[in-house]
Amino acid sequence: MRFTSLVIELIRARPRLIVWIAVLLQAAMWLFVALVFYRSPPGTLATLLAFGREYQIGTDLGPPLPIWLADIAYRAAGGHMFGVYVLAQLCEVATFIALYHLSRAVVGSQQAVLAVLLTMTVLAFSSPALDFGPLVLARPLWALLLLHSWQIIGQRRGNAWFAWSIEAGLLLLTTPAAIFLLLLLVVFAVSTAGGRRTLRALDPLFALIVVAVLALPYAVWLMRAETLVMPTLPVVAELNARALHAAWLLGGLVLGAAAIPALTFLNSGLFVAKGEEAPIIYRPPVEPLAHNFVYFFALAPAVGAVLISGLLGLDAVVGGAGVVLVMSGLAVVVTAGDLIAMRRARVLRTVWAAAVVAPAAGVVLAVLFLPWTGANEIGTSMPARAISDFFDESFARRTNHRLRAVAGETQLASLITLHSGRPHLFIDAQPARTPWINQAKFSETGGVVVWRASDTAGTPPPEILARFPGIVPEVPRAFEWLVTGRQQLLRIGWAIVRPKGT
């Protein structure tokens, strides 16, 4: 009796169970990392929450939906970052479940599992896991849009138009790259016979009305804010540098998907002894329209985003790598054929697990060992709760008023705004970024000004002293990192602007 791996048999018999187990285990892994090794939010998440507290229709951070959802999750968790981390992982789970349903419609349920598992290795390296924002929220919306687009074009299911219109509108409220992604859907629909047939009905018109209604408030804000400016194209002398930059961005995408060619190479027949029979994962034949759909949305978003980003000189790929690479695993499975032999299953499982776990392991190792090298500080090791509690209580004791605003260095000020009182963030260096408060209102309500202390006296930087000429610096407050190592303590200089009338 030939032995077959239990995992292979589960893929054949219970494919949906395998997908749910893999996706939920990955989500649990990242939540464990956040709870144990994160003392403060990653990236610019604290600033995103400070903006979300104001519930503006639009800000310079982009469309409002991810900002609002982050604040709602933060409040729902009782003012704990765990709510935002759970929201980020829910987006991750929704992305893979939507991709599974799309893959099942194209290649069947068994090979759909392989598409999801391959895509997990790509997104693990190429996109943030806990830094909730537009890049994270756009992934499930784009995956759902692709799913319902295939149902409309490939399966002729007219009842999917309503869900498609909602998702398109929400995507426009999530990321500026939504216009580029929706244009790709239009291009595919117009260039295929099945797509043109669906566009002749009235359903697309009704869907367009729903999308316009959802996006109208933000569009009005854009026009009133006068932020709709045409990007400047590079001059001829800059084209070589922009082309090189685009090549680097493309290389980053290829590197993020490196686990797929590694797994493909290990699954080739080079490492299998003669006469050995490998278990087979079967699928029904894939129709030509499905081939075109998968290949188009596996290549066009990535190539188009790289060209746009390189041409405009952007630091990152338009829309995020997690969006433009979401179809890469399914494209590889479609290319592999109707019968996929799973050779050396134990080695494949090991390499796949290492690829999924490696980013989380890298975060843990960086937090534990990087401080001992004296290298750059780890932003997530700042004691956010201790920082916010200290300045909130200090302001209340000195003024007998609740802390209402924080200014100074944006990163530190954003951490203080996470306190349960939720003071306003005032970016005094760029007041237009925080229209809910200005210099006059800050002086009236009072607040705390913070900065990185460079000496024991807590002398403010010249630029802060120029904007707040009357402040009297207090003795700097020192805070310990999660792992101090060879790093110096985190010393924060601060000064109180007393409310008028006190």
Side-chain angles (χ1 to χ4, degrees), residues 5-38 42 69-70 72-73 76-77 80-105 107-133 135-144 146-147 256 259-260 263 281 322-323 325-330 333 342 345-346 348-364:
S5 169
L6 177 62
V7 175
I8 300 298
E9 291 298 336
L10 284 176
I11 290 176
R12 290 168 169 172
R14 302 292 299 276
R16 184 181 299 179
L17 177 63
I18 289 292
V19 171
W20 277 105
I21 290 175
V23 171
L24 292 179
L25 283 178
Q26 185 190 43
M29 174 187 67
W30 278 110
L31 289 177
F32 172 79
V33 169
L35 289 176
V36 177
F37 298 98
Y38 277 18
L69 290 180
I72 292 172
H80 198 285
M81 288 303 305
F82 182 72
V84 188
Y85 298 147
V86 169
L87 177 61
Q89 292 311 301
L90 288 177
C91 291
E92 193 88 352
V93 171
T95 301
F96 292 123
I97 297 304
L99 178 62
Y100 170 73
H101 285 283
L102 172 60
S103 303
R104 186 177 64 177
V107 296
S109 57
Q110 295 183 9
Q111 289 198 10
V113 178
L114 303 182
V116 171
L117 296 180
L118 289 176
T119 307
M120 289 179 67
T121 65
V122 176
L123 299 193
F125 278 96
S126 61
S127 59
L130 296 170
D131 190 1
F132 181 80
L135 299 181
V136 174
L137 183 58
R139 292 197 305 242
L141 292 175
W142 177 237
L144 288 169
L146 291 174
L147 169 62
I260 289 183
L263 290 169
I281 305 297
V323 170
L325 295 177
V326 75
M327 292 284 282
S328 55
L330 179 56
V333 170
M342 302 300 296
R346 183 175 299 178
L348 294 179
R349 289 199 306 268
T350 303
V351 174
W352 176 85
V356 173
V357 173
V363 170
V364 174

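With a 4.5 Å cut-off on side-chain heavy atoms, S103 and V333 do not count as touching. Within the 4.5 Å cutoff, no side-chain heavy atoms of T95 are placed close to those of W142. Side-chain contact check for L123 versus F96: some heavy-atom pair is nearer than 4.5 Å. Residues V136 and P128 are in side-chain contact: their nearest non-hydrogen atoms beyond the backbone lie under 4.5 Å apart. Residues V363 and W30 meet the side-chain proximity criterion, which asks for heavy atoms closer than 4.5 Å.
Rounded to the nearest 0.5 angstrom, L263 CG and I260 CD1 are separated by 8.0 Å. We find the CG-CG distance between L102 and L144 to be 10.0 Å, quoted to the nearest 0.5 Å. Summarising the geometry, atom CZ belonging to R16 is positioned 8.5 Å from atom CD1 belonging to I97; distances are rounded to the nearest 0.5 Å. The line from CG of L69 to CZ of F132 is 5.0 Å long, rounded to the nearest 0.5 Å. Note that CZ of F82 is 5.0 Å distant from CG of L35, once rounded to the nearest 0.5 Å.
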Q | Check against side-chain contact (heavy atoms from CB on, under 4.5 Å), L10 and I21 | A | CA-CA 11 Å; L10 284 176; I21 290 175; 5.9 Å; no

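Across all their heavy atoms, A22 and W352 have their closest contact at CB-CH2, 4.2 Å. In this structure, M29 and V356 approach most closely via the heavy-atom pair CE-O, 3.7 Å. In plain terms, the two heavy atoms of P359 and A124 that are nearest each other are CG-O, 3.2 Å. Nearest heavy-atom pair across A259 and A355 is CB-CB, 4.0 Å.
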Side-chain donor-acceptor contacts of residues 87-94 below 3.5 Å, not counting sequence neighbours, with atom names and distances?
| unit_1 | atom_1 | unit_2 | atom_2 | d |
| --- | --- | --- | --- | --- |
| Q89 | NE2 | A129 | O | 2.8 |
| E92 | OE1 | R139 | NH2 | 2.3 |

Run the side-chain donor-acceptor check on residues 109-120: report pairs under 3.5 Å with partners two or more places apart or on a different chain.
| unit_1 | atom_1 | unit_2 | atom_2 | d |
| --- | --- | --- | --- | --- |
| Q110 | NE2 | R12 | O | 3.3 |
| Q111 | OE1 | R283 | NH1 | 3.1 |
| Q111 | NE2 | I281 | O | 3.2 |
| Q111 | NE2 | G337 | O | 3.4 |
| Q111 | NE2 | D338 | O | 3.1 |
| T119 | OG1 | A115 | O | 2.7 |

